[in-house]
Amino acid sequence: MRVRTWMFGLVAAGLIVGCSEDLKASDNDNGGGDGVFDVDASAGEEALPRSEKVRSVAQGDHYLTQVDATDKNGWVGFSFTQKGEAEGEAAELFFKYQAVRLAPGVEGVVIDMPFERITLSPLSGWEAEPEGSENVTTQEHPTGPLAQWYNYNMETHAVGVKDHSYAVRTPDGGCYKIHFTGFYDDAGTDGFMNFQWGPIDGCFAGE
Amino acid sequence: MYARPTLKNPLAFAPLLFALGGGLTLATPAFAQEAAPPQALDALTPEEREALEAPEEAEEMPVEPAAVKAAPAVAEVEDEDDLVITGTRTRTRFKDAPVVVEVIDRATLEASGATSLAELLQTQANVRLEHTQRGVNASLRGLDARHTLVLVDGQRVGGRVDGALDMGRYPVEHLERIEIVRGAGSALYGADAVGGIIHLITRKARKPLEAQLSAQMGTLGQYDVTGMVAGQVGSLSGRLTAGHHHIDSFSWDPAGVATSGPEQRSTSAGGDLRWKVSPRHTLSLAGEYTDRKLASVDVSAGGAIFDRIQQTDMLTLRLAHEYKADGGTVWRSQASVNQHDDQLLNDQRKSSALDSLMKTRLTLGTVETQVDYSLSNHRLSVGLEGLGEYMESPRLDEGTGSRIRGAIYVQDQWTLGGLPSALLSPSTYMVLVAGARVDLDSDFGAFASPRISFRVDPYEWLAIQTSLGLGFRAPESSERLLLFENTAVGYRVEGNPDLIPEVSRSADLTFTVRPIKALELRVGGFFNHIDNLIDMVGDADFQPGTPVVFRYENVDAAITAGVESSLRYTRPYWWMGTSYTWTYTRDLGQKRPLAGRAPHEVSAELGGREPVTGLNASVRSVWNAERPYFLSTQGMGEEDQVAAAYVSVDVRAGWQINRYVELFATGQNLTDSGDHILMLMPPRRFTGGVMGRY
């Protein structure tokens with residue numbers, strides 16, 4: 001005990017029933033499995049690249065991806081082409097906690113339609129990421145095309161997703177639809193970007 | 001090792017507090033005198049002898065066992081319980097108290113079937129309880145729980161969470177009675193006595209030997225075992241009590257994972273030793289220890305499931321001395337140390353990313369001395385108090401916080417009489433109590449709080465009591481020094497060292513009518529205006545990943561007012577009571593009522609005992625009208641919500657088989673009131689048990 005009063009200790013010694021033990025968290029907290037990402041490749045399901053930060057699973061005509069963006073100091077890159085984590089120029093999207101930005105040369109646009117109904121890419125409205133986006137911190141308001149994907153409840157501090165979807169086109173002519181589905185992993189830990197995505201037709205390279 | 005006392009470590013003042021208390025005892029000329037020889041007592045005038053001996057007689061008169069005593073909840077209690085202390089900080093006969101005091105005596109505690117103070121107050125008139133995950137808070141007269149001062153044997157206790165004390169941490173087996181005084185009491189007790197005072201008075205030995213053992217178990221996994229042994233040998237008397245309590249967690253949302261109320265497990269032990277050194281000198285040493293564990297399941301907004309465990313250890317030691325001099329003068333000194341250790345663990349399931357463990361230790365040391373002089377029609381009280389508080393918590397900036405406070409208070413209780421008046425009879429009883437207190441605090445400086453009370457009994461059956469006073473609540477150390485960030489949830493709370501005390505101006509007027517001894521009707525009105533309310537103010541600009549910054553500020557003012565009425569009828573073997581309270585509250589800043597306050601409350605109780613068979617029963621109930629709440633919605637803004645009106649009913653039935661043994665059964669919250677959001681009361685439950693008494 002840090003209490004350093006000898007009188008207190010002397011008197012308390014005769015009266016204390018017993019000091020309680022210190023509490024501590026349990027150790028076996030990682031046995032929950034991968035949930036929806038627990039893919040059995042031997043059963044014929046598509047085996048997708050998996051890294052420490054990014055994992056994906058095929059769901060019919062689209063994919064479900066989860067990015068561990070809990071590190072607020074570093075961007076995690078993702079490539080639609082590689083269907084997994086990517087670095088540098090190979091990446092098409094970058095994530096840092098709640099911030100999402102497009103890679104240089106990649107453009108995006110908001111689509112106010114349910115994700116499953118999107119089959120063609122939009123003809124207009126495409127925007128690129130503003131200059132300096134790579135330097136934005138999680139404490140600043142992001143301003144890129146995909147920045148406003150969430151709602152934030154100041155009372156409960158919960159991050160919720162908005163209903164709309166996005167289209168993204170890459171310099172090599174690929175177009176993809178994307179819809180954010182959540183900000184938490186199976187254990188409820190924040191900072192895990194979950195999104196559905198899939199290729200769409202009618203893609204024209206940006207000018 | 002002994003640490004040098006500094007303002008940063010006032011805990012080290014503890015031995016000085018004991019030494020000072022003992023020194024005051026030893027150094028007073030009164031103590032230094034030898035006890036008056038018997039022949040000197042015979043030389044006293046009848047008035048001096050009465051003033052000197054009457055309180056002792058009242059203390060030594062044995063309490064009638066509850067088996068043969070129909071115990072009113074609020075009425076003139078008998079024997080040594082005829083004395084109350086809270087209203088004027090001096091022992092006064094209940095029927096003569098200048099300030100309205102509500103007394104819950106030991107018999108009523110046992111008849112209620114309650115195992116904790118929270119359960120007892122659930123059906124107590126004019127006490128608002130708020131059930132939270134961290135405990136049950138009590139408030140008076142429409143104010144917050146942080147505006148209620150809780151004392152144990154005259155000493156304040158630590159361990160407030162968000163400014164409020166958990167009533168569930170006080171098991172009733174240690175309590176002799178509870179005195180409740182409403183209205184500003186800072187003129188005598190200093191900080192926090194704004195809405196009123198709940199004073200817990202622990203049990204004392206009153207017979208050569210007495211013992212009590214009680215065991216009960218029931219639904220919701222509830223079981224309770226309590227015991228007490230007490231006795232007197234010569235000039236020594238002592239009491240030991242112990243208890244163990246358990247109740248399972250519960251949920252009003254069976255489809256969800258989260259619990260509404262925690263599993264509770266507590267063990268407590270306490271005792272006191274009194275030594276009547278001489279007819280004039282009494283020394284006492286008392287201590288209580290409570291080990292309490294709450295376990296619940298929480299779900300965060302993000303869906304993370306936490307096993308939450310709160311472990312609390314509380315230890316209190318008190319040393320007191322009392323000297324009764326000639327002429328009714330009484331000198332009391334007391335020193336106490338209270339230590340409150342709290343651990344709060346949030347253990348995330350399926351991950352450890354959001355696990356957190358917070359440890360807080362609060363040590364509170366007090367020393368006080370008070371002398372009461374009787375001078376003709378005046379009862380003059382002068383007191384000095386010193387308080388040292390030391391807190392260790394990772395929530396505090398620099399990890400620790402401390403404060404020291406000193407106070408001096410003066411009160412004159414002037415019994416007016418012999419005043420010529422065409423309206424008042426010669427037997428009119430009038431008493432004027434005027435007092436003031438000055439607190440000097442290391443944080444906020446000096447604060448003066450006066451109060452004046454007046455009572456007149458123009459007729460034997462009518463008493464009119466009124467009081468005006470100033471009260472204040474000192475900013476908590478956590479409100480001033482907090483620096484706590486919950487990155488997982490996304491907020492940071494900053495303390496504000498520039499906070500000033502909340503200040504209240506209070507007034508009340510009460511009429512008490514007793515047309516016959518068995519019947520009492522009371523009607524009174526009250527008004528409180530409170531300024532500089534401390535609240536958390538958050539940033540409007542926020543982003544996920546950027547903690548929302550909340551900061552404590554003096555931002556608001558509020559008014560509470562109302563009418564309290566009660567009717568009590570007591571017969572030798574049965575009693576009944578009912579009350580109605582209308583409460584008006586207004587948040588002057590937000591221009592709306594205060595959240596959670598019911599504008600109307602009705603309570604009723606009925607109890608009785610059949611002396612031949614020994615059967616007894618009591619029922620207590622309270623009805624609360626709809627209560628407004630203002631809850632945040634998704635995104636920004638708030639929406640008004642209204643909690644439905646509810647009724648809570650508690651019953652107890654017993655069979656006193658013989659003088660020593662009673663079988664009993666209880667039912668709590670028979671109407672099964674409660675919900676998962678706004679009213680986290682435990683659901684309906686039943687227990688059965690046996691009590692042995694010697």
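First the proteins, then the strands, lettered A, B, ... as listed; each starts at 1. Because only heavy atoms are used, hydrogens play no part in the values below, and waters and symmetry mates are left out as well, while side chains stay in.
- Across all their heavy atoms, B:Ala353 and A:Thr189 have their closest contact at CB-CG2, 3.6 Å.
- Just one residue in the list B:Met358, B:Lys359, B:Gln311, B:Gln310 forms a side-chain contact (heavy atoms from CB on, under 4.5 Å) with A:Leu23, and that residue is B:Gln311.
- The shortest non-hydrogen separation linking A:Ala25 to B:Leu345 is N-CD1, 3.9 Å.
- Interface residue B:Leu357: only side-chain heavy atoms are found under 4.5 Å from chain A.
- Counting heavy atoms of neighbouring residues, nucleotides and ligands inside a 6.0 Å radius, atom CD of A:Glu89 does not exceed 12 of them.
- No more than 12 heavy-atom neighbours from other residues, nucleotides or ligands sit within 6.0 angstrom of NZ on B:Lys293.
- Among residues two or more places apart in sequence or in another chain, the side-chain hydrogen bond (donor to acceptor under 3.5 Å, both in side chains) test is passed with B:Gln264 by B:Arg292.
- Taking every heavy atom of both residues into account, A:Ala187 and B:Gln348 meet most closely at O-NE2, 2.7 Å.
- Atoms OG and OH, on B:Ser351 and A:Tyr184 in that order, are 14.0 Å from each other to the nearest 0.5 Å.
- Among residues two or more places apart in sequence or in another chain, the side-chain hydrogen bond (donor to acceptor under 3.5 Å, both in side chains) test is passed with A:Lys24 by none.
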